[in-house]
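Here the structure is laid out as structure tokens; the discussion comes afterwards.
The chains referred to below are lettered A, B, ... by the order of the sequence lines, with proteins before strands, and numbering in each begins at 1. Note that these values count all heavy atoms, side chains included, but never hydrogens, waters or copies made by symmetry.
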Protein chains: 2
Amino acid sequence: MGEAIELDETDRRLLRLLQAEPELTLREVGDRLGLSHTPCWRRLARMREAGVIEERRHIVDPVAAGFEIIVFCAVRMNGHSRAHLEEFEAAVGRIAEVVMCYSVSGDHDYLLKVLAKSIKHYESTVKNALVQLPHVLSISTSVTLREIKNTTDVPV
Amino acid sequence: MGEAIELDETDRRLLRLLQAEPELTLREVGDRLGLSHTPCWRRLARMREAGVIEERRHIVDPVAAGFEIIVFCAVRMNGHSRAHLEEFEAAVGRIAEVVMCYSVSGDHDYLLKVLAKSIKHYESTVKNALVQLPHVLSISTSVTLREIKNTTDVPV
DNA sequence: GTTGAAAGGGTTGCTGT
DNA sequence: ACAGCAACCCTTTCAAC
């Protein structure tokens with residue numbers, strides 16, 4: 001998105017407030033910060049412009065929506081040419097059950113987070129699709145047992 | 001939150017639409033689905049009640065906010081009594097830089113995602129705090145090199 | 001399910017500092 | 001450049017049907 005910008009303490013307080021209480025109106029935010037709502041709105045617009053803050057998102061709970069299985073996959077590749085990696089990454093982008101993918105340093109090449117309706121769904125659909133991609137050497141799966149914490153909040 | 005509920009195809013279309021285009025107004029959503037805005041609102045209220053959909057959240061970009069380092073930590077514990085685990089989990093809840101924590105099956109006990117402003121910040125502040133917690137046996141760190149995908153969207 | 005309306009938030013132009 | 005004021009438009013919400 002936009003250029004890198006400096007955040008002053010008021011910007012950070014604003015972000016903290018909005019992350020902690022997402023349903024606050026700008027007028028309420030202004031009251032808490034000792035400002036009127038307009039400067040708050042302008043600061044937000046500036047931060048949105050710069051890509052610091054994105055559109056407000058509707059958060060769906062995977063479990064309540066029927067995705068009871070959450071697994072992490074560590075993927076190892078057998079070749080690291082640009083073309084190989086791009087092919088894998090494009091495929092990951094197309095698989096909706098893969099909700100997160102980072103390339104990582106260390107023992108593995110990629111770390112993925114995958115949602116599935118059941119173990120069977122994960123094994124037969126998602127893992128199968130991933131293993132069959134070219135240049136994938138191995139996938140080691142960690143099944144999550146319990147969610148302790150999962151937040152989108154950044155500790156600004 | 002609420003009780004488990006059944007989602008019909010209209011509910012799922014609604015969720016898909018709102019996840020894909022979070023800024024749509026209820027009237028626009030209604031138009032797309034061939035409904036007026038009121039039933040859309042009623043369905044959303046019901047899903048919110050049931051915990052399927054949460055408050056709309058403001059999403060802050062960690063990198064744009066100065067958190068350039070994202071790491072995953074696999075934590076191994078040396079005791080698995082309820083008290084040990086609860087102590088660790090409570091600590092994790094208090095550390096704002098830890099944005100995600102799952103207990104997992106397999107080689108490790110917990111998998112964490114951590115935001116930090118620098119490697120130094122991660123090592124000296126976050127990792128240090130974690131290692132010093134009682135009953136933590138080892139922490140192995142994977143530094144992320146690049147984000148390929150990271151979405152809150154559930155593939156309903 | 002629909003229409004219609006009250007309440008109130010987001011947005012913007014203008015003004016003052 | 002940044003804050004505040006006032007007004008408009010539009011969304012959310014909730015009647016009544």
Side-chain angles (χ1 to χ4, degrees), chain A residues 1-62 64-66 151-154 156, chain B residues 1-62 64-66 151-154 156:
Chain A
M1 314 287 140
E3 303 300 303
I5 56 169
E6 285 297 312
L7 302 181
D8 64 15
E9 183 54 25
T10 305
D11 289 323
R12 277 192 296 272
R13 286 175 63 205
L14 219 167
L15 290 180
R16 261 180 256 138
L17 206 49
L18 285 177
Q19 289 189 114
E21 301 175 56
E23 303 290 71
L24 288 179
T25 68
L26 282 184
R27 287 183 169 79
E28 290 167 326
V29 169
D31 286 350
R32 305 270 191 109
L33 300 184
L35 289 157
S36 73
H37 64 282
T38 314
C40 293
W41 182 85
R42 277 209 241 278
R43 283 170 183 275
L44 280 179
R46 173 171 162 273
M47 290 196 277
R48 237 180 263 128
E49 183 85 15
V52 173
I53 191 165
E54 298 168 25
E55 293 180 313
R56 293 179 76 188
R57 297 208 53 90
H58 298 271
I59 307 295
V60 176
D61 176 13
T151 177
T152 56
D153 291 358
V154 174
V156 284
Chain B
M1 320 294 139
E3 302 301 303
I5 57 169
E6 284 297 312
L7 302 181
D8 66 13
E9 183 53 26
T10 305
D11 289 325
R12 277 192 295 273
R13 287 175 63 206
L14 218 165
L15 290 179
R16 260 179 257 138
L17 206 49
L18 286 177
Q19 289 189 116
E21 301 175 55
E23 304 289 74
L24 250 33
T25 68
L26 282 185
R27 279 192 165 77
E28 291 167 325
V29 168
D31 287 349
R32 305 270 191 111
L33 300 184
L35 258 50
S36 68
H37 60 282
T38 312
C40 294
W41 181 83
R42 276 207 258 271
R43 283 169 183 276
L44 279 179
R46 174 172 162 273
M47 291 196 277
R48 238 179 262 131
E49 184 86 13
V52 173
I53 191 166
E54 299 168 24
E55 293 179 313
R56 294 180 76 188
R57 298 207 53 89
H58 297 272
I59 308 295
V60 175
D61 176 13
T151 177
T152 57
D153 291 358
V154 174
V156 285

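Chain A approaches DNA chain C over the interval C:dG9 to C:dC14, counting the first and last nucleotide 5' to 3' with an atom under 4.0 Å from its heavy atoms. Close approach of DNA chain D to chain B, defined as any atom under 4.0 Å from a non-hydrogen atom of the protein, starts and stops at D:dT11 to D:dC14.
Listed by first then second residue, pairs satisfying side chain to side chain donor-acceptor pair (under 3.5 Å) with a partner in residues 35-46 of chain B read B:Asp8-B:Arg43, B:Asp11-B:Arg43, B:Asp11-B:Arg46, not counting sequence neighbours.
The pair B:Arg56-A:Glu55 does not meet the salt-bridge criterion, since no charged nitrogen lies less than 4.0 angstrom from a carboxylate oxygen.
Annotation for A:Met47 and A:Leu7: closest pair SD-CD2, 3.7 Å, computed over non-hydrogen atoms. The heavy-atom pair separating A:Ile5 from A:Ala50 by the smallest distance is CD1-CB, 3.5 Å. Nearest heavy-atom pair, A:Ala64 versus B:Gly51, reported as atom, atom and distance to 0.1 Å: CB-O, 3.8 Å. B:Gly30 and B:Cys40 get closest at one heavy-atom pair: CA-SG, 3.7 Å.
Scored by the side chain to side chain donor-acceptor pair (under 3.5 Å) test, B:Glu9 finds B:Arg12, B:Arg16 as partners (sequence neighbours excluded). Scanning for side chain to side chain contact (heavy atoms under 4.5 Å, CB included) contacts around B:Gln19 gives A:Arg57, A:Val60, B:Asp153, B:Val154, B:Val156, with sequence neighbours left out. Here B:Arg32 pairs with B:Leu17, B:Glu21, B:Leu24 under the side chain to side chain contact (heavy atoms under 4.5 Å, CB included) rule; sequence neighbours left out. By the salt bridge (Lys or Arg N to Asp or Glu O under 4.0 Å) test, B:Arg27 pairs with no residue at all, sequence neighbours left out. By the side chain to side chain contact (heavy atoms under 4.5 Å, CB included) test, A:Asp31 is found to be paired with no residue, residues two or more places apart in sequence or in another chain being considered.
Counted within 6.0 Å of CD on B:Glu6, heavy atoms from surrounding residues, nucleotides or ligands total 12 or fewer; the atom is thus considered open.
Near DNA chain D, meaning a heavy atom under 4.0 Å from it, residues 35-44 of chain B has B:His37, B:Thr38, B:Trp41 in order of number. DNA chain C lies under 4.0 Å from no heavy atom of any residue of residues 7-26 of chain B.
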